[in-house]
Amino acid sequence: MNKYLEQLIELSKLDKEIDDFGPRIAKVEKKLKLSLDKEKELRAQTDTFSADIADAKLKKAKNEANLAALSAKLKDLAKKSALVKTAKEIKALQLEEEISKEQCDFANEEIGRLDKIIELKGQNIALLQEKLSLAASEAEEIRASIDAQIQQIEQERKDIYGKKEALVADMSQKILT
């Protein structure tokens with residue numbers, strides 16, 4: 001074969017190898033991106049659980065305040081019951097007292113339910129924190145591996161560019177054009 005044709009074929013092969021570096025780097029970086037996405041998702045879940053806990057604590061505080069108000073109301077009703085004179089007033093106070101007691105029971109049940117929610121969400125956050133630390137260490141391992149692979153790819157790229165520059169320097173400018 002003609003010397004010039006062989007040089008052009010070699011140049012074409014080198015250009016193809018140079019073009020192949022982009023997908024190789026993207027493939028290597030894709031692993032890191034997946035790991036970082038997993039870590040980001042775990043952080044989002046942790047934030048969601050933290051927001052749920054804050055909401056449950058707020059509701060619990062409101063129920064405790066309501067419970068305190070109902071307790072004060074029951075004490076007032078007990079004081080008023082000593083002052084009532086008619087059966088109608090006694091009946092009204094008893095009805096009001098029953099309603100207040102039911103509301104106290106409901107508030108206590110709600111506080112218990114919210115405590116369970118807070119506990120479960122706290123456990124979920126602890127599990128997510130463990131997963132998050134594992135994902136972070138995994139991401140660091142992948143990052144170190146990827147850095148090594150990218151350095152190797154960059155070294156190969158430099159070698160191929162060096163070969164290409166040497167080949168272009170040896171080639172006739174007319175053939176190159």
Side-chain angles (χ1 to χ4, degrees), residues 18-157:
I18 289 170
D19 290 342
D20 289 343
F21 285 120
R24 281 177 59 192
I25 291 173
K27 182 180 176 185
V28 169
E29 289 176 343
K30 184 178 179 182
K31 292 177 188 176
L32 179 62
K33 185 180 183 300
L34 290 174
S35 178
L36 292 176
D37 287 346
K38 180 180 176 183
E39 191 176 337
K40 184 178 179 182
E41 181 181 321
L42 288 172
R43 287 186 197 282
Q45 287 178 346
T46 302
D47 292 344
T48 300
F49 285 145
S50 295
D52 290 346
I53 286 175
D55 185 46
K57 284 182 179 180
L58 180 66
K59 287 179 182 178
K60 180 181 173 186
K62 286 181 181 179
N63 277 311
E64 287 173 345
N66 188 25
L67 192 59
L70 288 171
S71 293
K73 185 176 181 179
L74 284 172
K75 287 179 184 176
D76 275 354
L77 289 174
K79 289 178 185 176
K80 285 182 183 179
S81 66
L83 301 174
V84 292
K85 295 180 173 111
T86 65
K88 191 175 184 181
E89 289 176 341
I90 291 173
K91 209 174 199 181
L93 283 175
Q94 286 175 342
L95 182 63
E96 208 173 323
E97 188 176 348
E98 285 179 30
I99 291 172
S100 294
K101 285 181 180 178
E102 286 177 8
Q103 289 175 339
C104 284
D105 290 342
F106 175 76
N108 283 327
E109 289 172 6
E110 188 67 12
I111 288 171
R113 186 184 72 82
L114 291 170
D115 282 339
K116 287 179 184 176
I117 288 174
I118 290 169
E119 182 183 337
L120 288 173
K121 299 287 182 176
Q123 290 172 353
N124 287 340
I125 286 176
L127 290 173
L128 285 174
Q129 291 294 343
E130 290 175 19
K131 288 181 182 179
L132 191 60
S133 65
L134 288 174
S137 64
E138 182 180 304
E140 279 303 314
E141 290 173 9
I142 290 173
R143 185 174 285 123
S145 170
I146 286 174
D147 287 343
Q149 290 175 0
I150 288 179
Q151 286 177 351
Q152 179 185 0
I153 290 171
E154 289 297 326
Q155 185 60 42
E156 290 175 20
R157 181 184 276 178

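Predicted, not measured: the structure shown is a model, and the values here were computed from it. For the numbers below, each heavy atom of this structure counts, side chains included, while hydrogens, waters and symmetry mates do not.
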S.K.: Minimum heavy-atom separation for Ser100 to Leu70, with atom names?
M.R.: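 What the structure gives for the nearest pair is O-CD1, 4.1 Å.
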S.K.: I'd like to know whether Asn108 forms a side chain to side chain contact (heavy atoms under 4.5 Å, CB included) with Asn63, so could you lay out the CA-CA distance, the side-chain angles of the two residues, the decisive distance to 0.1 Å, and finally the verdict.
M.R.: CA-CA 8 Å; Asn108 283 327; Asn63 277 311; over 6 Å; no
S.K.: Going by the side chain to side chain contact (heavy atoms under 4.5 Å, CB included) test, name the single residue among Leu36, Asp147, Leu32 that passes it with Ile142.
M.R.: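 Of all the options given, the one that passes is Leu32.
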S.K.: Run the side-chain donor-acceptor check on residues 109-122: report pairs under 3.5 Å with partners two or more places apart or on a different chain.
M.R.:
| unit_1 | atom_1 | unit_2 | atom_2 | d |
| --- | --- | --- | --- | --- |
| Glu110 | OE1 | Arg113 | NE | 3.3 |
| Glu110 | OE2 | Arg113 | NH2 | 2.6 |
| Asp115 | OD1 | Lys60 | NZ | 2.6 |
| Lys121 | NZ | Asp52 | OD2 | 3.1 |

S.K.: Is the closest basic N to carboxylate O distance between Glu154 and Arg157 below 4.0 Å?
M.R.: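 Salt bridge between Glu154 and Arg157, a charged N being under 4.0 Å from a carboxylate O: yes.
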S.K.: Are any side-chain N or O atoms of Asp55 and backbone N or O atoms of Ala51, one a donor and one an acceptor, separated by less than 3.5 Å?
M.R.: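 Pair absent, no side-chain N/O of Asp55 close to backbone of Ala51.
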S.K.: Looking only at atom types and distance, does a side-chain atom of Ser145 sit under 3.5 Å from a main-chain N or O of Glu141, one as donor and one as acceptor?
M.R.: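 Looks like no, no N/O pair under 3.5 Å.
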S.K.: Nearest 0.5 Å, what's the NZ-CG distance between Lys38 and Leu134?
M.R.: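 The CG atom of Leu134 is 8.0 Å from NZ of Lys38, to the nearest 0.5 Å.
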S.K.: Going from SG on Cys104 to CG on Leu67, what distance comes out if it is rounded to the nearest 0.5 angstrom?
M.R.: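 Answer rounded to 0.5 Å: 5.0 Å.
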S.K.: When you check the gap from the basic side-chain N to the acidic O, do Asp47 and Arg43 get nearer than 4.0 Å?
M.R.: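 No.
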S.K.: Identify the two heavy atoms, one from Leu128 and one from Gln45, that lie closest to each other, and give their separation to 0.1 Å.
M.R.: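 So the two residues come closest at CD2-OE1, 3.2 Å.
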S.K.: So does Lys31 get a backbone contact from the side chain of Ser35, meaning a donor-acceptor N/O pair under 3.5 Å?
M.R.: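 Absent.
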S.K.: With heavy-atom distances below 4.5 Å as the criterion, would you say the side chains of Leu132 and Gln129 are in contact?
M.R.: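 In contact.
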S.K.: Quick one: closest heavy-atom pair of Glu39 and Ala139, and the distance?
M.R.: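 Closest approach of Glu39 to Ala139, heavy atoms only: OE1-CB, 3.8 Å.
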